[in-house]
Amino acid sequence: MEPILVPPGKTQTWKCPAGSDAAVTKGQIIKSGDKASLYVVDVGPDGIVLGPLVAGEFEVAGLCKDQAAVSFRIEAPDPAKVDKKIRPLMPLQLPYPWWLWLVLLAALALAVGLGWLVKRLLSPKHDTSLLLARARLKKSPLEKMEIFLSKAETQQLAQKDDVLSSQLLYGDGLRHLRALLQEAYGFKAPGATTTEFISELKAQALRKPSVLTAPQVAQLESTFMQAKQVTYAREIPELALRNAYFKSLKDFYTHLESKISAIHASASAARRKPLFKKKEKT
């Protein structure tokens with residue numbers, strides 16, 4: 001049997017044989033050996049909608065009940081679409097001797113340092129209320145996510161069929177979602193890859209099961225993998241896939257907003273609680 005061809009950035013609907021039901025669920029990651037190969041976008045009456053995670057040819061089993069393994073071939077992105085206009089930087093040619101530039105840089109650094117010292121000595125002390133006001137202007141991950149969702153909905157990023165809109169929707173959406181999850185669980189992973197972040201998220205979910213349930217963690221993993229595929233392949237997913245991704249972002253924002261607000265309220269109440277109770281007079 002010839003392998004089933006799946007173009008990059010597209011989905012493939014697999015119909016189970018007559019008398020057989022789907023053995024997978026929406027959001028499930030399907031592996032071929034030890035490699036995550038496909039994710040289940042949806043399961044409906046028309047069949048199982050599959051999305052590619054890697055390029056190559058492989059076999060997967062367990063799509064339908066009592067069915068043998070199925071061969072798939074995922075095409076890699078077209079090399080012709082890779083941006084080749086970026087040229088390497090030319091070596092810098094200095095019009096003057098190098099030691100003269102060092103002297104000028106040292107003089108500039110000295111002037112800046114003296115200016116900062118004079119300003120520090122002559123300026124009045126900072127007003128505490130002004131510092132607090134500036135701190136309040138710094139937006140939280142929740143506020144940034146709310147602004148992004150509003151902007152994406154106003155600009156209809158999920159409806160636009162171009163690479164830039166797709167990159168903004170998936171790239172910025174994933175970045176804000178990562179910040180929300182770190183806020184909810186109280187950990188930091190700024191330089192972690194998608195795979196490393198998911199592993200840390202699963203570990204945090206075991207420690208704090210009240211924030212996200214196991215099915216929600218599985219759906220998050222599917223959302224992250226989908227965004228990773230779109231971001232690196234620079235392909236435009238189908239409209240239904242883009243709408244489903246945007247809906248997932250809004251659903252997770254609504255859920256995590258209540259969790260983060262509850263965590264902040266609990267922490268604020270703990271800070272207001274006195275360490276020692278006053279003894280009552282007898």
Judged by atom type as modelled, is there a donor-acceptor pair below 3.5 Å linking the side chain of Lys259 to the main-chain atoms of Ser210?
yes
Report the distance from atom CZ of Arg178 to atom CD of Glu200, rounding to the nearest 0.5 Å.
11.0 Å
Please test Asp251 against Ser248 for side chain to side chain donor-acceptor pair (under 3.5 Å), starting from the C-alpha separation and ending with a verdict.
CA-CA 5 Å; Asp251 291 343; Ser248 295; 5.6 Å; no
Just so I know, are the side chains of Ile236 and Val230 near enough to count as touching, which here means a heavy-atom distance under 4.5 Å?
no
Distance-minimising heavy-atom pair for Gln167 and Thr231
OE1-O, 3.6 Å
Centroid-centroid under 6.0 Å between Phe224 and Tyr170 rings
no
Nearest-0.5 Å distance, CG of residue Leu201 to CD of residue Gln182
10.0 Å
Apply side chain to side chain contact (heavy atoms under 4.5 Å, CB included) to the pair His255 and Leu212, showing each step before the final yes or no.
CA-CA 9 Å; His255 177 79; Leu212 289 174; 3.5 Å; yes
Would you say Ser32's side chain and Glu59's backbone share a donor-acceptor pair under 3.5 angstrom?
yes
Using only atom types and a distance under 3.5 Å, with no angle test, would you say the side chain of Ser166 pairs donor to acceptor with the backbone of Asp162?
no
Answer whether the closest heavy-atom distance between the side chains of Ile48 and Lys15 falls below 4.5 Å.
no
From CD (Glu238) to CG (Asp161), nearest 0.5 Å
10.0 Å
Atom CD1 in Ile147, atom CE in Met145: separation rounded to 0.5 Å?
12.0 Å
Got Val211 and Leu181 here, is their nearest side-chain heavy-atom distance under 4.5 Å?
no
Any side-chain heavy atom of Val40 sitting closer than 4.5 Å to one from Val49?
no
Taking every heavy atom of Leu142 against every heavy atom of Tyr253, the minimum-distance pair comes out as O-CE1, 3.6 Å
Report yes if the side chains of Lys151 and Leu168 come closer than 4.5 Å at any heavy-atom pair, otherwise no.
no
Has Glu153 got a side-chain atom pairing as donor or acceptor with Ser150's backbone, closer than 3.5 angstrom?
no
Any idea which heavy atoms bring Ala36 and Ile29 closest together, and the distance?
CB-CG2, 3.7 Å
Which pair of heavy atoms, one from Phe246 and one from Ala158, lies closest together, and at what distance?
CB-CB, 4.3 Å
Tell me, do Tyr245 and Pro237 make a side-chain contact under 4.5 Å, heavy atoms counted?
no
Side chain to side chain contact (heavy atoms under 4.5 Å, CB included) assessment of Ile198 paired with Met225
CA-CA 10 Å; Ile198 292 174; Met225 288 300 184; 4.1 Å; yes
Can you confirm whether Leu169 sits close enough to Arg242 that some side-chain heavy atom of one is under 4.5 Å from a side-chain heavy atom of the other?
yes
Looking only at heavy atoms, the pair that brings Ala227 and Leu174 closest together is CB-CD2, 3.9 Å
Using side chain to side chain donor-acceptor pair (under 3.5 Å), reason through Gln216 and Thr213 one step at a time and then give a plain yes or no.
CA-CA 5 Å; Gln216 287 176 319; Thr213 63; 3.3 Å; yes
I'd like to know whether Val43 forms a side chain to side chain contact (heavy atoms under 4.5 Å, CB included) with Gln28, so could you lay out the CA-CA distance, the side-chain angles of the two residues, the decisive distance to 0.1 Å, and finally the verdict.
CA-CA 10 Å; Val43 178; Gln28 182 175 339; over 6 Å; no
Flag if over 12 foreign heavy atoms under 6.0 Å of NZ, Lys160:
yes
Quick one: do Leu164 and Leu239 end up in the same hydrophobic cluster if we chain Ile, Leu, Val, Met, Phe, Trp and Tyr together by side-chain heavy atoms under 4.5 Å apart?
no
Find the distance between OH (Tyr185) and CZ (Arg207) and round it off to the nearest 0.5 Å.
11.0 Å
Any donor and acceptor pair, going by atom type alone, linking the side chain of Thr193 with main-chain N or O of Glu196 inside 3.5 Å?
yes
With the side chain counted from C-beta on, respond yes when Val41 and Leu50 share a heavy-atom pair under 4.5 Å apart, and no when they do not.
no
CG of Leu157 to CZ of Phe148: how many Å apart, nearest 0.5 Å?
6.5 Å
How close do Ser20 and Cys64 get, counting heavy atoms only, and between which atoms?
OG-CB, 3.5 Å
